[in-house]
Amino acid sequence: MSSTVPLVVRLLASSVSVANRAGKIVRDVMSKGELGIVEKGKDDYQTEADRSAQKCIIAALAAQYPKLSIIGEEDREENEPEVPSDWLVVDADKEVLALTCPADLQGVKEEDIVVWVDPLDGTSEYTQGALMLKRNHWERWKMYLIHPLISIKWYLSLLQSNYGFLEHVTVLIGISVNEEPVAGVIHQPYYKTMIGGEKKMGRTIWGLREAGVGGFTPAPPPDSLIITTTRSHSNPLVEKALQVMNASQILRVGGAGYKVLQLLEGKASVYVFASPGCKKWDTCAPEAVLAAAGGKLTDILGNNYKYGASVGKPNKTGVLAAVNHDLHNYALSRIPQELKEALANK
Ligand SMILES: Nc1ncnc2c1ncn2[C@@H]1O[C@H](COP(=O)(O)O)[C@@H](OP(=O)(O)O)[C@H]1O
Ligand SMILES: [Mg+2]
Ligand SMILES: [Mg+2]
Ligand SMILES: [Mg+2]
């Protein structure tokens with residue numbers, strides 16, 4: 001890899017390749033069927049896929065960039081055992097390597113960078129997707145017994161709905177400099193495309209400040225106000241903020257990464273989550289990619305989160321994001337003062 005390429009660009013290119021490998025780990029754990037679920041707290045789970053994908057990302061990046069600060073969602077063991085050699089990805093995405101680095105980031109050193117890693121965003125959807133897949137095998141056989149034609153149709157529709165859950169899962173790598181997210185990767189392990197009649201699993205979306213975004217086709221926001229929000233972590237405050245938006249539709253999906261993808265692809269106008277619960281690793285990469293596409297992610301009060309190594313990890317005052325600044329302003333103007341205060345005083 002050419003050392004004339006500025007560090008931030010090289011690190012983003014490496015992160016794209018590492019996220020692809022981590023996505024394969026996420027799929028492999030699911031196919032083996034042994035999820036190894038651990039309950040970390042209320043509505044907060046971890047699986048073997050979260051643990052292994054994080055080990056892969058951190059080991060691969062630390063081996064190439066030893067002075068980086070890397071913060072991952074999952075706890076690390078005191079003496080981490082060595083990872084399999086094929087997890088130590090050294091490739092770097094060629095398209096990203098060719099990007100022009102913003103002038104003020106050209107001299108950035110490893111010591112100036114904090115990388116936020118969410119090895120698997122949407123763990124609830126990952127575990128529920130697995131459960132439904134298991135149930136479907138049984139459902140399939142039951143339906144074959146009843147009527148072969150009906151069963152094929154039903155089975156296909158059931159498969160689609162399961163597949164929909166797994167599509168919410170993403171791998172997030174966010175790169176911050178001077179506390180600000182400047183670049184990021186959102187990898188979607190279960191995104192399916194057909195290339196020349198062959199099925200390809202997974203896609204990787206990236207963004208770099210001033211250079212733009214890649215890995216997908218951006219689309220304008222929908223004509224009417226469509227909100228995207230949590231599927232598995234709602235509460236009365238979250239619902240109150242949804243009511244005041246006066247939206248034509250509310251989409252309830254998993255993961256901060258997936259909700260931001262919905263904004264970028266024109267499926268939703270605004271992402272509203274008026275509650276603590278998300279952490280810096282949930283929002284660093286999505287915020288960077290969204291900003292590179294001209295959008296904005298803040299807390300519910302309209303303030304930016306900071307991503308330095310010593311900041312508190314929880315995003316206590318929620319998330320408000322939109323694909324452009326006008327929509328963000330509109331959504332912010334709809335949030336009543338008492339709701340802002342309720343979150344600020346939590
Ligand atoms: N009340 C809560 N408790 C724990 N985690 C929460 C939470 N609310 C949101 N999160 C975390 O924020 C991310 C997005 O949440 P949601 O899908 O509900 O929008 C998820 O990340 P992970 O899946 O990486 O843990 C989720 O765990
Ligand atoms: Mg989690
Ligand atoms: Mg997450
Ligand atoms: Mg996670």
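Start at 1 and go down the list; that is how both ligands and their atoms are numbered.
Here atom 12 (O) of ligand 1 lies nearest to D282 when heavy atoms of L120, D282, V171, T127 are compared.
Distance from atom 10 (N) of ligand 1 to its nearest protein heavy atom, with residue and atom name: G277 O, 3.3 Å. Counting protein heavy atoms only, atom 16 (P) of ligand 1 is closest to T230 OG1, 3.5 Å. Considering only non-hydrogen protein atoms, atom 15 (O) of ligand 1 sits nearest to H233 ND1, 3.7 Å. Of the protein's non-hydrogen atoms, G255 N, 2.6 Å is the one closest to atom 17 (O) of ligand 1. Atom 20 (C) of ligand 1 has as its closest protein heavy atom D121 OD1, 3.7 Å.
Numbered from 1 in the order shown, with element, the atoms of ligand 1 that lie under 4.0 Å from a heavy atom of A256 read 14 (C).
Screening K313, K40, R51 for a salt bridge (Lys or Arg N to Asp or Glu O under 4.0 Å) involving E73 leaves a single residue, K40. Looking at V114, I113, I58, I173 one by one, the single match for side chain to side chain contact (heavy atoms under 4.5 Å, CB included) with I70 turns out to be I58.
For CG of D86, the number of neighbouring non-hydrogen atoms (other residues, nucleotides, ligands) closer than 6.0 Å is greater than 12. Crowding of E34 atom CD: a count of heavy atoms from other residues, nucleotides or ligands under 6.0 Å not exceeding 12. The local environment of CD in E77 is crowded, with over 12 non-hydrogen atoms from other residues, nucleotides or ligands closer than 6.0 Å. Enclosure of atom CD in E111 by more than 12 non-hydrogen atoms of other residues, nucleotides or ligands within 6.0 angstrom is indicated. Open room surrounds CG on D223; 12 or fewer heavy atoms of other groups in view lie less than 6.0 Å from it.
For the atom pair D121 CG and H187 NE2, the distance stands at 13.0 Å (nearest 0.5 Å). In this structure, the separation between CG on D299 and CG on L320 is 8.5 Å, given to the nearest 0.5 Å.
Inclusion of S124 in the set of residues having an N or O under 3.5 Å from an N or O of ligand 1 is not warranted. Residue contacts with ligand 1: E73 is placed with a nitrogen or oxygen under 3.5 Å of a nitrogen or oxygen of the ligand (distance criterion only). The shortest N/O to N/O separation between K259 and ligand 1 falls below 3.5 Å. Of the N or O atoms in G122, one or more lie within a sub-3.5 Å distance of an N or O in ligand 1. For a threshold of 3.5 Å applied to N or O pairs, the pair formed by Y271 and ligand 1 contains no separation below that value.
Using the six-membered ring where Trp is involved, H168 and Y258 have ring planes that are parallel, under 30° apart on the 30 and 60° scheme.
No single ILVMFWY cluster, assembled from side-chain heavy atoms under 4.5 Å apart, contains both V182 and I71. Both V213 and V260 belong to a common hydrophobic cluster when Ile, Leu, Val, Met, Phe, Trp and Tyr are linked at side-chain heavy-atom distances under 4.5 angstrom.
Residue W281 does not touch ligand 1, judged by heavy-atom distances below 4.0 Å. At a heavy-atom cutoff of 4.0 Å, ligand 1 is contacted by the side chain of K279 but not by its backbone.
Take a cut-off of 2.8 Å around the Mg ion (ligand 2): the protein N, O or S atoms inside it are E73 OE2.
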